[in-house]
2 protein chains.
Amino acid sequence: MDPEIISKLSSIVGSDNCKTTTAELYTYSMDASIHKSMPDAVVRPRSAQEVSEIVKLANEHKFPVIPRGGGSALCGHSVPVDGGVIIDLQRMDTIKDIRVEDLYAVCEPGVVCDDLNAALKKEGFWIPGPSSSNVANIGGMVATNSSGDKALKYGATRDYVIGLEVVLPTGEIVHAGSRTIKNSGGYQFEKFFCGMEGTLGIITEIITRVIPLPEKKAAAIAVFNELEHAGQCVSNIIAARLIPSGLELMSNVCIRAVNKALDLGLPEVEAILLIEVDGEAAVISDKIKKVSDICKESGAISVEFTDDEKRIAELWKGRKGMIPALSKLNEDYVTVMLADDMSVPVSKVPMAVKEFQMISDKYEIIVASYGHAGDGNLHTKVLMDPTRKSHWEQAEKAVNEIYDVVLKLGGTVTGEHGVAITKAPFFHKERAALIPTMKAIKRAMDPNNIMNPHKLMDWEGGFITHLRYKIERE
Amino acid sequence: MDPEIISKLSSIVGSDNCKTTTAELYTYSMDASIHKSMPDAVVRPRSAQEVSEIVKLANEHKFPVIPRGGGSALCGHSVPVDGGVIIDLQRMDTIKDIRVEDLYAVCEPGVVCDDLNAALKKEGFWIPGPSSSNVANIGGMVATNSSGDKALKYGATRDYVIGLEVVLPTGEIVHAGSRTIKNSGGYQFEKFFCGMEGTLGIITEIITRVIPLPEKKAAAIAVFNELEHAGQCVSNIIAARLIPSGLELMSNVCIRAVNKALDLGLPEVEAILLIEVDGEAAVISDKIKKVSDICKESGAISVEFTDDEKRIAELWKGRKGMIPALSKLNEDYVTVMLADDMSVPVSKVPMAVKEFQMISDKYEIIVASYGHAGDGNLHTKVLMDPTRKSHWEQAEKAVNEIYDVVLKLGGTVTGEHGVAITKAPFFHKERAALIPTMKAIKRAMDPNNIMNPHKLMDWEGGFITHLRYKIERE
């Protein structure tokens, strides 16, 4: 990169916050995805004004800018495939205002989700976050419209954002939405920007709606010999108007994996459902009892339920430890982030899991299915040896087939992780008719194509690309 | 309009569904706003395919197309200011699918909100709608991101739309979103199109999330001598984490009006709050008791509360009859839809109402304030003689001042009705920095500017324009 540009970047953010050594750049060449690519520089601004100046400079010299928060994205969102400058927003980490009586909080993009929730908890309020809430930044949550295991009852990030400050691709600082709960003022940019993955601007302030913490929780763990029974059970619970705050499915591979890694002694059946309900203390026991009854009626061979906080935490332990546990299932294989986040209508979950298993059985790799069965959002992790070329080839085929199933079932290729690079080819298949409109809007808003280029609708290649892994053998 | 175009329109929708007589066009020259302008033709298509053909014809011959549902919009959304063809979507009124176990329903745009809710009620589910739910069409609710008196707890239309079929300004039929609860797939068009007011396309199918009906309701009516006490009471209820399903404010003018029209015998104090809570039957009495206690602690001079369905309906009667009641307050004045839907942060409601009253006192007209105090969404109705030029002049000044107050308090000029013409000048003030981006997107998506032109960011004139009223004297 031109030393003159580096010098200008330094003068905007201060030399301490402009990184160019190989060691520093290496750290920023990856996120939590399979991809890797080196940036030319990393800057760490402290204000919207500084972000604006960086973006204006990028337009002047036509270099890419890639916003980055906690780096926990799973599809290569902040991997600079074409080089350029990473804008690390983690220094912008101030919670500016909490107004529970007005049901909103205002924060900078670098605030970690759990930190905002720690502050909100003092007032008895919260926002739902992703499973990675201990590292995920609010800005990144908005940019990817992330969500997690509470989405069935509580929705995704887009349902909470009521206002945004954004540095547009021109460098202009604009405000969308407001501090009011309602707003029907024209184009809903504060919603549109959820999921734009840094391609239309850089979020520098978020106004998020906050909601009251539930008084009490209860959980049930239901064991099924047949996957279909577990699936029917999920539909029955929802149709009975008992909307759980969490409804997780573990398939057989996952059960074996957590048993091996965590010694939980779960029955190694076809499917286990972990169901959590929350609400007023006076009704919680009755609610979880109703859920348990439905589980039994739907064919569960055993159901345990409790409203004891400690026992609930234990029940969640297996689910929370899933990803590391999967990597320990087979000593030669590791968990690879592929096809990790498809969503289907809730009633289609058992069919999807069955078909994923059939696909997996055809190949040398292992596909483990688990996920938020209550909202139809499934995670599959591919277990493979990422140093082997043949495993990548098989994974590529399996993932293609998996997404075909998802689209056939009326689903979407991404429920909560986003598109970026890893899901781009499948996203193009799902959204073919809308891609030209996305590109037209991108061109209209970012004529120099500087904002996180070659992502989402603009990624043209395959998904086994720019790998962080070194392939060493066939 | 060129007879050749009329003939082509007729061949698309059938001659029975292509209207061109003056009497027919007159019916479509107005919606529920103050505006009026004659269309050149009205067509009533039955399918997305027919809509697409009409839009393609519009591009070929460069005439405006204006989508219209129930005609209940309050800001001139479907008034064809520049002539053109109104596309009446009321024949597309099929509820295509209801899948409560998957938490969604699919319907055509012409389905009336109450009709969808009648069908959902059989399964124990519903969606929240606007006060005009007996006439409002789902398509129009999406196009204006409408909401109503349940939004504090249940949100606006944008929070429910998970998928859309849209005829783009090019005539192409596209799908946004999906049948899944979660979706983080790139630009959220299904949310962005909420509030686009027919300027970016015509909605031909809606997939809406549905939610369980609450088991039981309870309501309280709290009487305050001081508006500030009522305002503080609202904040106290929310901060105590009791999120009511309805929280309505009536100011003094409104109380007098409903007393006069409906003989309800309400105390003619400064402010009355009507508070409704809902939820599980087992906790509802306790909940409304807590609300009532907070009302008393906040300075209410009397509080009545009940969980009797019949009594709750009586309590709502005054609020529901507000608009016709206001027209009867002063025999020479009628209710005019001006400045009718601003939203401020909840805690700013008393200050806003006070300032609106001070503005009103300066002029010969009357400004009546009421509204959804719980979500900060206020309605003011201007009471005036619309045949008098001087009243319009005074109303114009008052409305300008009112919106300045709203923006000063960090509010938005529209909470639930939209912008179209009546709010355009104030919307331009509120969103000045984003207007160029809105225009750029509009140009990119609708290069011939055929889709409901001159509305929203593209309305350049004042708001006292294209009046449906005849001004007869000074």
Side-chain angles (χ1 to χ4, degrees), chain A residues 100-103 124 144-145 147 151 156 158-159 174 176 178-189 191-192 194-196 212 235 238-239 241 243 280 282-283 343-347 375-377 410-419 427 431 433-434 437-438 440-441 444-445 456-457, chain B residues 100-103 124 144-145 147 151 156 158-159 174 176 178-189 191-192 194-196 212 235 238-239 241 243 280 282-283 343-347 375-377 410-419 427 431 433-434 437-438 440-441 444-445 456-457:
Chain A
V100 298
E101 72 280 17
D102 289 328
L103 290 172
T144 56
N145 184 31
S147 58
R158 66 180 179 187
D159 301 313
V174 298
S178 60
R179 284 165 197 248
T180 58
I181 296 168
K182 278 182 186 175
N183 187 328
S184 74
Y187 304 174
Q188 309 275 315
F189 284 101
K191 303 292 181 185
F192 192 56
C194 294
M196 57 90 174
S235 290
I238 293 173
R241 305 192 280 150
I243 308 296
E280 281 99 350
V283 293
S343 217
V344 296
V346 184
S347 59
D375 58 31
N377 185 206
T412 177
V413 301
T414 173
E416 58 184 31
H417 296 175
V419 176
F427 178 70
R431 291 270 164 255
L434 266 173
T437 305
M438 290 183 205
I441 290 176
M445 290 182 64
L456 202 62
M457 68 280 159
Chain B
V100 299
E101 72 280 17
D102 289 329
L103 290 174
T144 56
N145 184 29
S147 57
R158 68 179 179 187
D159 301 314
V174 297
S178 60
R179 285 165 196 248
T180 57
I181 296 168
K182 278 182 185 174
N183 188 327
S184 73
Y187 303 176
Q188 309 275 314
F189 283 101
K191 303 292 181 184
F192 191 56
C194 294
M196 59 88 174
S235 290
I238 293 173
R241 304 191 281 150
I243 308 296
E280 282 99 349
V283 292
S343 218
V344 295
V346 184
S347 60
D375 58 31
N377 185 206
T412 176
V413 301
T414 174
E416 58 185 31
H417 296 174
V419 176
F427 178 70
R431 291 271 165 253
L434 266 173
T437 304
M438 291 183 203
I441 290 176
M445 291 182 64
L456 203 61
M457 67 281 158

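Here is how names work: the chains are called A, B, and so on, in the same order as the sequence lines, proteins then strands, and each is numbered from 1.
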For a 4.5 angstrom cut-off between non-hydrogen side-chain atoms, does [X] reach [Y]?
X	Y	result
A:T144	B:S184	no
A:T437	B:F189	yes
B:E101	A:V346	no
B:K191	A:Q188	no

So which of [options] has the largest heavy-atom pair count under 4.5 angstrom toward chain A?
options	value
B:L434, B:L103, B:V283, B:V174	B:L434
B:A156, B:A176, B:G411	B:A176
B:D375, B:I441, B:V100	B:D375
B:S347, B:A444, B:S343, B:G415	B:G415
B:P345, B:S147, B:S235	B:P345
B:M196, B:E416, B:R179	B:E416

Straight-line distance of [X] [atom1] to [Y] [atom2], nearest 0.5 Å:
X	Y	atom1	atom2	result
A:N183	B:N377	CG	CG	10.0 Å
A:D159	B:D159	CG	CG	6.0 Å
B:K182	A:N145	NZ	CG	10.0 Å
B:I238	A:D102	CD1	CG	7.5 Å

B:F192 and A:F192 aromatic ring geometry - parallel, tilted or perpendicular at 30°/60° bounds: parallel
Heavy-atom contact with chain B under 4.5 Å, split by part of A:M438: both
Given heavy-atom pairs under 4.5 angstrom as the criterion, report whether the side chain, backbone, both or neither of [X] touches chain A.
X	answer
B:R431	side chain
B:F427	side chain
B:E280	side chain

Contact leader toward chain B among A:A440, A:A239, A:A433, where contacts are heavy-atom pairs under 4.5 Å: A:A433
Minimum heavy-atom distance B:V419-A:G186, with the two atoms named: CG2-N, 4.1 Å
